[in-house]
Amino acid sequence: MSRLDGVSTETLSMCGVGPFSGPAQKPRNQTLQRHSDQPRGSAQPSRRVVLGAIGAIPIFAASSLRAQVDRAQDDSTFQLRGEAGEPLRNFHIPSELDPASLPGIIWKGRREGDVIVYEFFDYNCPYCRKAARELAGIAASDPNLRLGLINSAILSIGSTQAAKVQQAVLRLYGPAKAYDFHMKLYEVRGAITGTTALAVARAMGLDARKVEESADSETVGQVVSRQTRLAEALGLAMTPSFIVAGTAILGWPGAEALRDIIKNARKCDRPVCDGKQ
């Protein structure tokens, strides 16, 4: 591979590892360092700042935006629990920061769906692998649900490479084929890299040479960077993380808990109605 095999200092920084460090660690539930000890109360950045500038600003500036969002968050907006009874960290995302206009989203489901679930994921996150299978089942049984899949490539260089290949498939073949690719890539055992992703594209009968050329383009690199930095700026410090009914939910809640959240979103436009999940 060409630049998919290259490792720049900027890319290393974006993936959460340094040029002289060992392999990226995978902490429980894929948690990144939080800034919960910082004072709260700062105003949140506008959508223009987050969605417009984040693709071009240096990583330290993106971190500063995330710190601003962190300081504005409560410990938990709603009393949400996963299927095992564990509390789910969640907080409000203002409507002006809705990620709908972010480039490179893989959409699944009807455009007119009455509930949108955004997932921020990493291809080397085992919780995301589980979530992908169960989300597919939820979507198949809910014709009015719309999924928006967004890269948060933070765990390794391979994650960034795979995300670039995914975006190339989206650009060349459209959202249906990109979603197919997304699901097939999660079927692969072991670490996911750019080479792995190209092999999946080739097995699907796609033109691997064209996919690689597109994946190596500056445009695709900028899209992946912008998606990942938006997740960081919004304080989505776990993979997977979700946004449903204007609420960010950190970690995979489990299929049944997510079904309840979707049901409540339909009923009252919140993940919890009348104080009950």
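- Side-chain atoms of Ser159 and Asp122 include a donor-acceptor pair closer than 3.5 Å.
- Proximity of Leu234 to Phe91: side-chain heavy atoms (C-beta onward) are nowhere separated by under 4.5 Å.
- With rounding to the nearest 0.5 angstrom, the CG atom of Leu206 is 10.0 Å from the CG atom of Leu198.
- Relative ring orientation between Trp252 and Phe242 is described as tilted, the plane-to-plane angle lying within the 30° to 60° band.
- Here the closest non-hydrogen pair linking Glu119 and Leu149 is OE1-CD2, 3.5 Å.
- For the residue pair Ser214 / Ser217, no side-chain donor-acceptor distance below 3.5 Å is found, with atom types taken as modelled.
- Side chains of Asn144 and Arg110: a donor-acceptor N/O pair is present below 3.5 angstrom, by distance only.
- For the pair Arg259 and Glu256, the salt-bridge criterion is met [side-chain N within less than 4.0 Å of a carboxylate O].
- The shortest distance between side-chain heavy atoms of Asp274 and Lys267 falls below 4.5 Å.
- For Tyr118 and Phe120, the ring centers are positioned 6.0 Å apart or more.
- Note: Tyr123 and Tyr186 have tilted aromatic rings, judged against thresholds of 30 and 60 degrees for the angle between ring planes.
- In the displayed structure, Arg270 atom CZ is contacted under 6.0 Å by at most 12 heavy atoms of other residues, nucleotides or ligands.
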